[in-house]
Number of protein chains: 2
Amino acid sequence: MHFILKRKITLKHIARELEVSISTVSKALKNSEEISRDTKEKVQAFAKLYNYRPNNIAISLKNKRTRNIGVIIPDIVHHFFTTVFRGIEKYANSRGYNVIICVSDESFDKEVINMEMLANGSIDGFIMSLSAETQQKNDFNHLKEVTEQGIPLVLFDRVTDEIECDKVIINDKEIAYQAVKKLIDSGKRKIALVTTDSYFNVSKKRAEGYKAALKDNGITFEENYVLTLPYQEIEKSKIEHFFSENDIDGVLCVNEVFAIHCIGAVQKLGMKIPDEVSIIGFTDGLLSKYSVPSLTTVAQHGERMGEVAAEMLIEKVESEIEDDENETFRTETIKATIIERESTKN
Amino acid sequence: MHFILKRKITLKHIARELEVSISTVSKALKNSEEISRDTKEKVQAFAKLYNYRPNNIAISLKNKRTRNIGVIIPDIVHHFFTTVFRGIEKYANSRGYNVIICVSDESFDKEVINMEMLANGSIDGFIMSLSAETQQKNDFNHLKEVTEQGIPLVLFDRVTDEIECDKVIINDKEIAYQAVKKLIDSGKRKIALVTTDSYFNVSKKRAEGYKAALKDNGITFEENYVLTLPYQEIEKSKIEHFFSENDIDGVLCVNEVFAIHCIGAVQKLGMKIPDEVSIIGFTDGLLSKYSVPSLTTVAQHGERMGEVAAEMLIEKVESEIEDDENETFRTETIKATIIERESTKN
DNA sequence: TATTAACACGAAACCGTTTTCGTAGTTCTT
DNA sequence: AAGAACTACGAAAACGGTTTCGTGTTAATA
């Protein structure tokens with residue numbers, strides 16, 4: 001076995017070979033008016049023959065623009081985040097950007113480290129969703145530093161009011177309201193909320209919608225009807241206990257996995273879905289689609305969210321106005337929709 | 001609102017401010033022996049105060065090493081790939097590498113474009129899994145070019161013999177054999193294979209294991225018992241038809257979604273799982289865990305696969321031997337395991 | 001024919017580092 | 001006191017491009 005390494009060819013090589021200057025080569029390849037037709041053809045032919053490609057790193061250094069976007073998300077093995085990521089990747093790619101992804105693993109420290117790693121020239125801007133720990137600690141100095149350096153930042157889904165930047169969220173409160181309204185309209189009155197700890201801003205918003213819907217329909221909110229579950233390591237017994245102790249006929253879950261667990265618990269207790277208990281979840285993933293019964297759920301349109309986030313970021317990146325003074329930040333809201341399946345009746 | 005942009009500070013700034021040369025600053029920050037204690041302290045203090053961080057791009061250009069890994073996968077909203085990716089990301093990060101990810105979307109052209117985009121200096125090496133279309137076309141010139149340029153490449157799961165490089169696969173044939181054996185041992189004889197088109201090398205391997213297990217147990221292979229499904233857009237009716245036309249008592253599916261569909265079809269036909277029909281799938285995702293009945297499945301240990309791939313790549317990247325002559329490539333096999341759940345009996 | 005304009009190209013600076021090498025100025029030898 | 005040996009630093013090249021500006025040659029103009 002004998003490989004000939006076709007090492008990357010540079011302008012310098014071409015220049016030397018063709019006995020012209022580097023500048024001439026550079027211009028010739030850009031089809032500059034300055035260069036004679038003859039020379040251009042010669043250079044271009046040579047470049048093509050040896051498959052010349054400009055070195056991205058050199059261009060990045062010169063332009064102070066990498067065409068890389070940094071994405072920091074709490075988890076990658078998670079349907080919602082992957083859909084958002086797909087949206088980001090697609091849009092970014094269509095605009096000639098690459099995506100560097102880092103996973104914070106819900107850890108504050110990792111989030112900080114990842115940001116610092118990328119903030120030193122590797123990327124032109126960040127798109128991120130806050131880790132659980134960051135939201136808990138309420139410490140956003142790493143974000144502040146980055147924005148103060150003039151690096152554009154777009155936050156999605158798990159955002160914070162503490163930082164001024166572009167944001168993309170869904171209408172969590174509203175859609176939770178609608179979901180609960182839907183349960184009420186189908187005759188349910190004893191509606192539970194299965195949620196995570198409230199330092200997740202999305203959970204908080206969804207709880208608000210839940211409460212508002214109850215109130216507007218003359219149902220008094222009962223603390224007992226709220227089941228708070230850890231984000232991971234769910235105990236089935238706790239859920240079963242919840243449903244056997246309380247007389248529930250409708251459930252809103254803040255995610256898909258919780259909803260599946262509820263289906264299991266409810267069925268185990270011998271109750272029929274949706275007739276005796278109706279269930280609505282969040283996140284339209286495979287689980288919702290393929291569970292039996294299939295799950296009525298809130299589609300968050302993650303891909304759209306990703307696209308919008310990427311678009312906002314690239315806009316900021318490319319508008320080199322650096323207008324400092326009257327820089328303006330937007331918050332885009334993606335309208336979630338309810339996908340009706342078998343776990344509810346209408 | 002008035003922001004003061006703390007623009008990134010460079011060696012040049014420090015040098016100017018402290019009235020020393022750039023080289024002195026550089027050395028001082030590296031604690032070089034060459035520089036006097038006084039100067040070092042002065043420089044280091046200044047750098048710390050202004051939060052100096054070296055520019056990654058400049059360092060990359062100088063060192064001709066980016067500490068970036070390029071990952072190209074067919075799909076991101078896919079449990080197996082995300083787990084592999086998590087493994088890659090974790091390991092890479094622990095070694096100080098960042099990961100740039102591109103999605104080929106099962107398209108040959110996108111795969112090529114993405115490779116070219118990254119191959120011009122943006123990354124030190126590739127980890128990838130071939131797109132469906134690439135496997136179909138059997139065209140691997142883009143891979144060949146990259147390896148010929150001396151860029152390390154590690155292929156995982158969807159690999160090809162046409163390219164000499166490091167590879168990470170699972171023991172597809174073996175584990176399929178074991179899965180079928182398990183069905184046979186539990187008394188099943190009329191075992192179906194639900195698979196994709198055979199240009200997927202993994203499907204081919206699994207089919208081989210399936211056939212070998214039948215043969216070794218004196219069961220004749222029947223073409224009728226193989227159901228080939230498209231990768232997407234599955235028609236339920238086709239599956240139901242398959243199960244009503246054939247007298248099946250065991251099923252091996254090459255993925256989770258196929259398995260879930262089979263559960264649905266079998267149940268619709270009024271047959272009991274696992275007593276009348278046992279089902280085993282591939283990919284241990286949420287669906288397998290939460291379906292009813294839960295699914296016995298082949299765990300591919302994607303995260304481990306990713307770790308191994310990343311480790312192999314980084315080893316190659318960092319061994320600058322460029323030994324050309326006797327460069328040696330490995331193929332690591334991750335041992336898949338069968339996770340027993342309710343869809344089979346023993 | 002002298003002047004000017006157009007043409008075609010090269011030198012050099014620049015992006016932000018690292019690193020080699022050269023050299024003032026000081027201290028140590030003998 | 002002269003040479004050797006340090007010490008502490010700076011100049012410059014290099015990584016691979018882009019871009020501005022200057023200039024020698026030729027062609028057009030007066």
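We name chains A, B, ... by the order of the sequence lines, and we start the count at 1 in each one. Predicted, not measured: the structure shown is a model, and the values here were computed from it.
- Between the side chain of A:S131 and the main chain of A:T134, a donor-acceptor pair closer than 3.5 Å is present.
- Within 6.0 Å of the CG atom in A:N31, the count of heavy atoms belonging to other residues, nucleotides or ligands exceeds 12.
- With sequence neighbours left out, the salt bridge (Lys or Arg N to Asp or Glu O under 4.0 Å) criterion links A:D157 to no other residue.
- Between the P atom of D:dC15 and the CG atom of B:D124 lies a distance of 18 Å, rounded to the nearest Å.
- For residues 107-124 of chain B, every residue pair satisfying the salt bridge (charged side-chain N to carboxylate O under 4.0 Å, His left out) rule, not counting sequence neighbours, is listed here: B:R65-B:D124, B:D105-B:K110.
- B:R67 is linked by a side-chain hydrogen bond (donor to acceptor under 3.5 Å, both in side chains) to nothing, counting only residues two or more places apart in sequence or in another chain.
- A:N138 meets the side-chain hydrogen bond (donor to acceptor under 3.5 Å, both in side chains) test with no other residue; sequence neighbours excluded.
- Between B:N63 and B:E19, the residue anchored nearer the 5' end of DNA chain D, judged by the nucleotide with its closest heavy atom, is B:E19.
- B:S23 comes within 4.0 angstrom of a nucleotide base, judged by non-hydrogen atoms across all strands.
- To the nearest angstrom, P of D:dC15 lies 13 Å from CG of A:L11.
- Rounded to an integer number of Å, the gap from A:H13 NE2 to D:dC15 C1' is 12 Å.
- Listed by chain and number, the residues in a salt bridge (Lys or Arg N to Asp or Glu O under 4.0 Å) with A:E106 are A:R158 (sequence neighbours excluded).
- In this structure, the nucleotide among D:dG16, D:dG17, D:dG10 sitting nearest to the side chain of A:L61 is D:dG16.
- Taking atom CG of B:L18 as the reference point, atom C1' of D:dG10 lies 15 Å away to the nearest angstrom.
- The stretch residues 136-145 of chain A participates, sequence neighbours left out, in no salt bridge (charged side-chain N to carboxylate O under 4.0 Å, His left out) pair at all.
- Residue pairs meeting the salt bridge (charged side-chain N to carboxylate O under 4.0 Å, His left out) criterion with at least one member in residues 31-49 of chain A, sequence neighbours excluded, are A:K27-A:E34.
- Read 5' to 3', the first and last nucleotides of DNA chain C with an atom closer than 4.0 Å to a heavy atom of chain A are C:dA8 to C:dG16.
- The terminal axes of the helix from C:dT1-D:dA30 to C:dT30-D:dA1, fitted over 5 pairs per end, subtend an angle of 70° to the nearest 10°.
- Near DNA chain C, meaning a heavy atom under 4.0 Å from it, residues 26-49 of chain A has A:K27, A:E34, A:I35, A:S36, A:T39 in order of number.
- For B:K64, a side-chain nitrogen or oxygen approaches OP1 or OP2 of D:dG16 to under 4.0 Å.
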Would you list the atom pairs, donor with acceptor, under 3.5 Å between side chains in residues 88-96 of chain A and any protein atom, with sequence neighbours excluded?
residue: A:E89; atom: OE2; partner: A:N93; partner atom: ND2; Å: 3.0
residue: A:E89; atom: OE2; partner: B:V103; partner atom: N; Å: 3.0
residue: A:K90; atom: NZ; partner: A:E303; partner atom: OE2; Å: 3.1
residue: A:Y91; atom: OH; partner: A:R95; partner atom: NH1; Å: 2.7
residue: A:S94; atom: OG; partner: A:Y91; partner atom: O; Å: 2.6
residue: A:R95; atom: NH2; partner: A:E318; partner atom: OE1; Å: 2.9

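- Counting only residues at least two apart or on different chains, no salt bridge (charged side-chain N to carboxylate O under 4.0 Å, His left out) pair has a member in residues 126-135 of chain A.
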